[in-house]
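Take a look at the structure below.
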Amino acid sequence: MNRLTEAFQRKEEVLIPFISCGDPSLDVTRELIHCLAEEGVLAIELGVPFSDPIADGPVIQAASERALENGVTLVDALEMGKKVREDGVEVPLILFTYANPVFQYGLAALVRDAVAAGFDGIIVPDLPFEESEELRQYGQKAGLAVIPLVAPTSRQRIADIVASAQGFVYCVSSLGTTGMRHGFSGEVDEFLQTVRSLSPVPIAIGFGISESKHVAHFRKRTDGVVVGSALVKRIGELQSSLVSENSRKRALSEVKAFVRQLKTE
Amino acid sequence: MKTDEKLGGQGKATTWRFGPFGGRFVPETTMNALIELEQGFREALADREFMNNWRERLEEYSGRPTPLTFTERLTDYAGGARIYLKREDLNHTGAHKINNALGQALLAKRMGKKKLIAETGAGQHGVATATVAALLGLDCEIYMGEEDVKRQQLNVFRMELLGARVVPVTSGTRTLKDATNEALRQWVAQVDRAYYLIGSSVGPHPYPLLVKTFQRVIGDETRAQLLAAEGRLPDDVVACVGGGSNAIGMFTAFVEDETVRLHGVEAAGKGVDTSFHAASLSKGRPGVLHGMYSYFLQDQHGQVTPAHSISAGLDYPGVGPEHAFLKETGRVRYTYATDEEALDAVGLLCRTEGILPALESAHAVAEAVKIARKRSKNEIVVICLSGRGDKDVETISSAGRRSGE
């Protein structure tokens, strides 16, 4: 059983923070992973920057661009996994990457190297169910959970998608891209119920979750809650203090405080 | 949706794909919109009234059929095969883009949508979309890279004059590639009332099929016109390739005719050995962007790299999936022409025929002259003259070109 399945079974944490690898620098990303793990989270999504992040809203697009300017690649993200595992980090790690870097790396090679680097799951947002069979087969063999997304508009496809899900099912809260939203339609709860009733694995929700009251609402209805843009925005605001050695410690404690606040009901 | 269609991808040859190319590489939030689009498209295809309405509009609004013009002086200049021009430049709004824009806008209306969303590079597809939105009484939102907005102020004004809202895109390279990303994102967020009208034979399934359906009129007309004029098929057919919509529209009618040689001409910009070109098929690698598996310019890590061409319509780092397939099967020969060669071809066609071609189409003219030279006088070369060059006069003039050199 891998770290991800165990973490869901422990039911201690629900938060799944997303950070963009290399934003504002690879050193800072390493420290951020440490500080998120210390603060207590269910898992961490590590985003690989991409030139054309079609599923992402402006906040994560900007983070991705900053990381690309730092020359960060998929290879660096794998290396990051290896480093933090060597540091003793035990929190489940999920690699978040668009399809093209995966195809250029090679599906089989990536699955093998991601497992070796200590990743427990992978999310490829532009590889829908109909295009992901090969990756799912490699993932199953190697023990890397290929985590599918389902949306309220997935309708009759939900059953097929969740039937082959590994790790957990990532439920998209609303249409559009990642990014902060103030509220959610009541239909989301109904959608979550549908997914939960069909899914053989735990379910998590993401896209637009930015406030502690959202987390409190959805933790009752899911097993995990992904917070991306809100955290990435906070990291963006703190970037200069995070980069400078003198102020990094203080800035990291602000990130921790932000995560803690998200978890308070 | 039937089960076999619903589960159609999975790397096998299905209607989703052209060989291994094409597919539907989009976020899950986009999938249902594409399924509904495919359904709407199939229903429209089977609806005789819909297709007749589209054909009538092409005739009465855009001026189809466009002529097939024999070029006496260009033929003499090349000194070989007889050269014909398929005059897509004579369409309303000045290019073949209107064929597709009209077809898709009518489809949008049939599907009950109230608004058209489109991406545009230099603004030609944006103008075509804004035009048909005005014609059919639909709202219109055009996504355009901030860099392009600055470079193409006149087209921005033209779109606004037609009642469209032009939204500058500030992400990534701030050009067509990023405008396409943003149009796809914004479509998903308002899919109930909005229709995404893609401008080239690119994007996730069913867009490449849709665009081919509405552009193949180019080749179908050409075939019939040439048979009437010469009693035979052409020996060579030449078209420029950016995303590839005019080329697929021209080639489709001839793909089954084994004797007809097909040539696609990409933009070599400042040369394919520099990093300033747009020759995805010649110099790119297979990968995924804008929802399709095709050829793209990219670095070793799969980051898409910027394209360059003097012609904005070819300035795209990818190509439609059917072209990738036709390259791999060898049915079409893909080659390229540089900025310089295109500029020379503009001057040549102006002086020999009194026709100012779009810079895009001039790439095809440049290659066609090379081909015609090598052929005998009883062979026939057809060029798809996809658009007129009025929009390019400023670019041509600032490249230091005068009529007569």
Side-chain angles (χ1 to χ4, degrees), chain A residues 48-58 61-62 64-65 68 71-77 97-105 107 124-136 148-158 160-161 170-179 207, chain B residues 1 3 5-12 14 16-17 23-36 169-173 177-178 180-192 204-205 285-293 296 298-306 317-318:
Chain A
V48 178
F50 183 51
S51 53
D52 297 85
I54 206 163
D56 284 305
Q61 285 175 40
S64 183
E65 279 181 38
L68 278 180
V72 175
T73 66
L74 178 55
V75 178
D76 294 311
T97 171
Y98 283 87
N100 198 41
V102 176
F103 282 119
Q104 302 312 315
Y105 197 98
L107 295 182
V124 186
D126 53 348
L127 206 59
F129 175 73
E130 287 81 349
E131 303 286 3
S132 65
E133 187 180 304
E134 208 181 337
L135 183 64
R136 278 183 272 131
L149 276 74
V150 289
T153 50
S154 302
R155 295 178 195 173
Q156 69 271 38
R157 292 170 58 258
I158 293 177
D160 289 329
I161 297 170
Y170 188 133
C171 303
V172 177
S173 70
S174 35
L175 286 181
T177 55
T178 61
F207 279 42
Chain B
M1 244 343 48
T3 316
E5 281 172 19
K6 192 175 61 168
L7 303 175
Q10 316 208 349
K12 293 185 212 94
T14 69
W16 282 43
R17 288 172 195 275
R24 202 173 259 177
F25 295 87
V26 294
E28 181 56 32
T29 46
T30 315
M31 288 299 280
N32 192 59
L34 292 171
I35 290 167
E36 281 178 0
V169 174
T170 57
S171 56
T173 56
K177 164 180 92 67
D178 310 282
T180 306
N181 292 336
E182 196 56 25
L184 274 162
R185 290 184 190 113
Q186 296 298 331
W187 177 41
V188 171
Q190 45 185 317
V191 67
D192 283 346
H205 174 70
R285 288 197 319 276
V288 168
L289 180 75
H290 297 155
M292 59 179 167
Y293 184 66
F296 297 98
Q298 53 186 310
D299 70 13
Q300 56 162 327
H301 299 290
Q303 308 294 347
V304 179
T305 53

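Please read all numbers here as calculations on a predicted model, not as lab measurements. Sequence lines set the chain letters: A, B, ... in the order given, protein chains first and strands last, and positions in each chain run from 1. What's counted below: heavy atoms across the whole structure, side chains too, no hydrogens, waters or symmetry copies.
Looking at A/V75, only its side chain comes within 4.5 Å of chain B, counting heavy atoms on both sides. With a 4.5 Å cut-off on non-hydrogen atoms, A/P125 touches chain B through its backbone but not through its side chain. Residue A/S64 does not touch chain B at all, counting heavy-atom pairs closer than 4.5 Å. Interface residue B/Q300: only backbone heavy atoms are found under 4.5 Å from chain A. Contacts between A/T153 and chain B at a heavy-atom distance below 4.5 Å involve backbone atoms as well as side-chain atoms. In this structure, no portion of A/P152 lies under 4.5 Å from any heavy atom of chain B.
The CD1 atom of A/I54 sits 6.0 Å away from the NE2 atom of B/H290 when rounded to the nearest 0.5 Å. Atom OG of A/S51 is separated from atom NE2 of B/H301 by 12.5 Å, given to the nearest 0.5 angstrom. Between atom CG of residue A/N100 and atom CZ of residue B/F296 there is a gap of 7.5 Å, rounded to the nearest 0.5 Å. Between A/F50 atom CZ and B/L289 atom CG the span is 6.0 Å, to the nearest 0.5 Å. Once rounded to the nearest 0.5 Å, the distance linking CD of A/E130 with CH2 of B/W16 reads 4.5 Å. Note: B/E28 CD to A/S154 OG = 3.5 Å, rounded to the nearest 0.5 Å.
Contact annotation: the side chain of A/R157 approaches that of B/I35 to within less than 4.5 Å [non-hydrogen atoms, C-beta and beyond].
Evaluation of the side-chain contact (heavy atoms from CB on, under 4.5 Å) rule for B/T30 yields B/V26, B/P27, B/L34, B/W187, B/V188 as partners, not counting sequence neighbours. In this view, A/L107 and A/V102, A/F103, A/E134, A/L135, A/Y138 satisfy the side-chain contact (heavy atoms from CB on, under 4.5 Å) rule, not counting sequence neighbours.
Between B/S171 and A/E65, the side chains place no donor N or O within less than 3.5 Å of an acceptor N or O (distance only, hydrogens not considered). A side-chain N or O of A/Q104 and one of B/Q298 form a donor-acceptor pair less than 3.5 Å apart.
Across all non-hydrogen atoms, the minimal contact from B/R24 to A/E131 is N-OE2, 2.7 Å.
In terms of non-hydrogen atom pairs under 4.5 Å with chain A, the most contact-rich of B/G287, B/A33, B/P204 is B/G287.
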